[in-house]
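Okay, structure first, notes after.
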Number of protein chains: 2
Amino acid sequence: MARTKRFDEEEMLHNAMLLFWHKGYNGTSPQEILDELKLSRSSLYDTYGDKRSLFISALKRYRNTVTAEIIAFLASSENIPEALKTLFQRTKAQCFVGEDKRGCFMVNSKVELAPHDEEVATIVKENREALENAFTAAIKRGQEMGQISKDNPPRSLARFIMNNLWGLTVHSKSGADKKVFDDIIRITLSVIK
Amino acid sequence: MARTKRFDEEEMLHNAMLLFWHKGYNGTSPQEILDELKLSRSSLYDTYGDKRSLFISALKRYRNTVTAEIIAFLASSENIPEALKTLFQRTKAQCFVGEDKRGCFMVNSKVELAPHDEEVATIVKENREALENAFTAAIKRGQEMGQISKDNPPRSLARFIMNNLWGLTVHSKSGADKKVFDDIIRITLSVIK
DNA sequence: ATATTTGCGGAACAAAAGTTCCGTTATAAT
DNA sequence: ATTATAACGGAACTTTTGTTCCGCAAATAT
């Protein structure tokens with residue numbers, strides 16, 4: 001009946017996500033999106049709506065892939081302290097990918113937009129709550145398995161862990177070197193004992 | 001010899017700082033600056049140069065006032081654990097000023113601009129290093145006075161403390177309530193013993 | 001093979017962003 | 001009081017941003 005799209009919708013959304021991740025919402029113009037995705041103007045607007053809709057879609061994609069993967073990883077881990085260590089190491093490694101200092105897309109977006117954009121604020125809040133619940137459940141299991149001390153309630157520890165993970169993404173924007181990351185990770189994990 | 005300015009240069013710079021703090025660099029237009037500061041276009045450009053120069057000046061002002069005040073506070077404190085607790089409580093309190101969720105201007109700026117703006121990256125890096133040195137010196141004194149355990153080197157603890165302070169400013173953008181802050185502060189300070 | 005429908009290239013456009021310029025006004029020093 | 005200099009108000013202008021629209025192209029279903 002009609003012509004088919006000559007690009008992969010999901011792949012383009014992924015590329016748009018990477019672009020917003022790098023340069024922020026207000027720092028990315030439609031022209032840059034077109035150049036980067038190699039898409040025609042009409043294809044962009046027909047497929048994704050306006051710039052803000054595209055951004056919201058990208059943010060949701062991040063939640064459904066990156067965040068979801070972390071939650072799944074926690075849920076499937078048997079050794080919780082080891083799993084947490086892995087997450088910290090991965091965060092550290094990602095902060096040094098290609099001199100990009102891109103940090104975390106969710107953190108970047110909430111810093112730039114959450115105070116003034118209701119929809120972004122909602123996504124960001126739900127993302128935080130979902131992560132907190134996943135960390136809480138994992139830490140609770142860790143405590144029940146005797147891997148983690150019961151000195152602190154699991155939810156408190158979950159919040160503390162997340163605070164340090166997010167702190168690292170800010171540190172990556174501050175020109176901190178790997179030793180700074182190592183110090184922070186070592187002390188943070190020492191609390192989970 | 002010539003006419004005098006009808007506004008206070010420092011006061012206007014302060015107001016500009018608050019505006020950038022709220023809405024970010026790319027989120028603030030020259031028109032908004034004029035409206036907010038009640039300044040004529042020519043006065044703005046004659047006095048502060050272009051928008052980017054104004055932003056840089058605002059960032060430096062933050063460093064010379066807010067950051068400098070924290071450094072002075074640490075240097076003048078006798079009870080270090082108490083001083084750290086005060087800083088955390090102040091950070092928490094500021095995160096809930098007027099439903100603003102404005103966070104920390106230095107953190108906001110580095111997340112938005114540091115990866116793509118060399119000059120911002122430099123200011124942000126120097127700010128981080130100055131703060132780290134101030135925390136390190138204070139914690140070292142705290143250890144020497146027997147207020148803080150010597151389990152960890154002072155610089156490592158300094159980095160850990162800063163990571164959690166910055167984490168809180170990110171948490172404030174995530175719709176977290178005060179209980180979240182209290183959990184994080186309690187566990188963080190429990191490491192400083 | 002044809003009709004139909006959607007995709008695509010790019011022109012076009014309104015609005016805003018960001019800056020400059022100029023004529024007038026005020027004031028400080030002489 | 002006069003003069004020199006800087007401040008101010010606002011017009012004006014270029015560029016970019018964000019979006020729409022239109023005509024042609026292509027592919028699918030019949």
Side-chain angles (χ1 to χ4, degrees), chain A residues 1-60 108-109 112-113 115-120, chain B residues 1-60 108-109 112-113 115-120:
Chain A
M1 238 169 173
R3 200 168 159 181
T4 47
K5 283 185 202 300
R6 302 176 64 181
F7 60 93
D8 186 272
E9 208 167 317
E10 280 299 309
E11 185 191 338
M12 284 302 148
L13 180 55
H14 181 79
N15 291 339
M17 178 183 80
L18 293 179
L19 192 54
F20 282 130
W21 192 340
H22 275 92
K23 322 236 312 177
Y25 177 74
N26 286 313
T28 308
S29 68
Q31 190 57 53
E32 275 180 286
I33 299 172
L34 300 183
D35 293 346
E36 185 70 23
L37 307 202
K38 277 151 187 145
L39 220 60
S40 84
R41 222 170 278 277
S42 44
S43 294
L44 180 70
Y45 282 87
D46 285 353
T47 308
Y48 303 102
D50 60 16
K51 180 184 160 186
R52 191 170 166 288
S53 302
L54 175 61
F55 181 84
I56 297 290
S57 298
L59 202 55
K60 287 180 175 170
N108 297 357
S109 300
E112 184 184 5
L113 302 174
H116 305 100
D117 188 315
E118 205 58 52
E119 195 170 2
V120 171
Chain B
M1 238 174 176
R3 200 168 160 181
T4 47
K5 282 184 201 301
R6 303 177 65 181
F7 60 94
D8 185 271
E9 207 166 319
E10 279 300 309
E11 184 190 340
M12 283 303 147
L13 180 56
H14 181 79
N15 292 339
M17 178 184 81
L18 293 179
L19 192 54
F20 281 130
W21 192 340
H22 274 93
K23 322 236 312 177
Y25 176 74
N26 287 312
T28 308
S29 69
Q31 190 57 52
E32 276 180 285
I33 300 171
L34 300 182
D35 293 346
E36 184 70 24
L37 308 202
K38 278 154 185 141
L39 220 60
S40 84
R41 222 169 279 278
S42 44
S43 294
L44 179 71
Y45 281 87
D46 285 353
T47 307
Y48 304 102
D50 61 14
K51 180 184 160 186
R52 191 171 167 286
S53 301
L54 175 62
F55 181 84
I56 297 290
S57 298
L59 202 55
K60 287 180 176 170
N108 298 356
S109 300
E112 184 184 5
L113 302 174
H116 304 100
D117 188 315
E118 206 57 53
E119 195 169 2
V120 171

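Quick caveat, the model's predicted, so the values are computed rather than measured. Chain letters run A, B, ... following the sequence lines, proteins first and then strands; every chain starts at 1.
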Check your understanding: Among pairs that include at least one residue of residues 41-50 of chain B, which meet salt bridge (Lys or Arg N to Asp or Glu O under 4.0 Å), considering only residues two or more places apart or in two chains?
Key -> none

Check your understanding: Does any residue of residues 44-53 of chain A have a heavy atom under 4.0 Å from DNA chain D, and if so, which ones, in number order?
Key -> A/Y45, A/D50, A/K51

Could you list all N or O pairs between the protein and nucleotides 23-25 of chain C that sit under 3.5 Å apart?
| unit_1 | atom_1 | unit_2 | atom_2 | d |
| --- | --- | --- | --- | --- |
| C/dT25 | O2 | B/R3 | NH1 | 2.6 |

Point to revise | Pair listing, salt bridge (Lys or Arg N to Asp or Glu O under 4.0 Å) test, anchored in residues 9-18 of chain B, at least two apart | key: B/E10-B/R61

Practice item. Output all residues satisfying side-chain hydrogen bond (donor to acceptor under 3.5 Å, both in side chains) with A/K60, sequence neighbours left out; order by chain, then residue number. Key: none

Review point. Between which nucleotides of DNA chain D, 5' to 3', does chain A make heavy-atom contacts below 4.0 Å?
Key: D/dT17 to D/dA29

Check your understanding: Counting only non-hydrogen atoms, which of residues 4-24 of chain B are less than 4.0 Å from DNA chain D?
Key -> B/T4, B/K5, B/R6, B/F7

Exercise for review: Output every pair passing salt bridge (Lys or Arg N to Asp or Glu O under 4.0 Å) with a member in residues 15-37 of chain B, not counting sequence neighbours, ordered by first then second residue.
Suggested key: B/K23-B/E32

Practice item. Specify the residues of residues 36-43 of chain A, ordered by number, for which at least one heavy atom lies under 4.0 angstrom from an atom of DNA chain D. Key: A/R41, A/S42

Review point. With sequence neighbours excluded, what pairs up with B/A58 under the side chain to side chain contact (heavy atoms under 4.5 Å, CB included) test?
Key: B/L13, B/M17, B/F20, B/F105

Point to revise | For B/D117, all residues meeting side chain to side chain contact (heavy atoms under 4.5 Å, CB included), sequence neighbours excluded | key: B/R52, B/L113, B/E119, B/V120

Point to revise | Residue list, side-chain hydrogen bond (donor to acceptor under 3.5 Å, both in side chains) with B/S40, at least two apart or on another chain | key: B/S42, B/S43

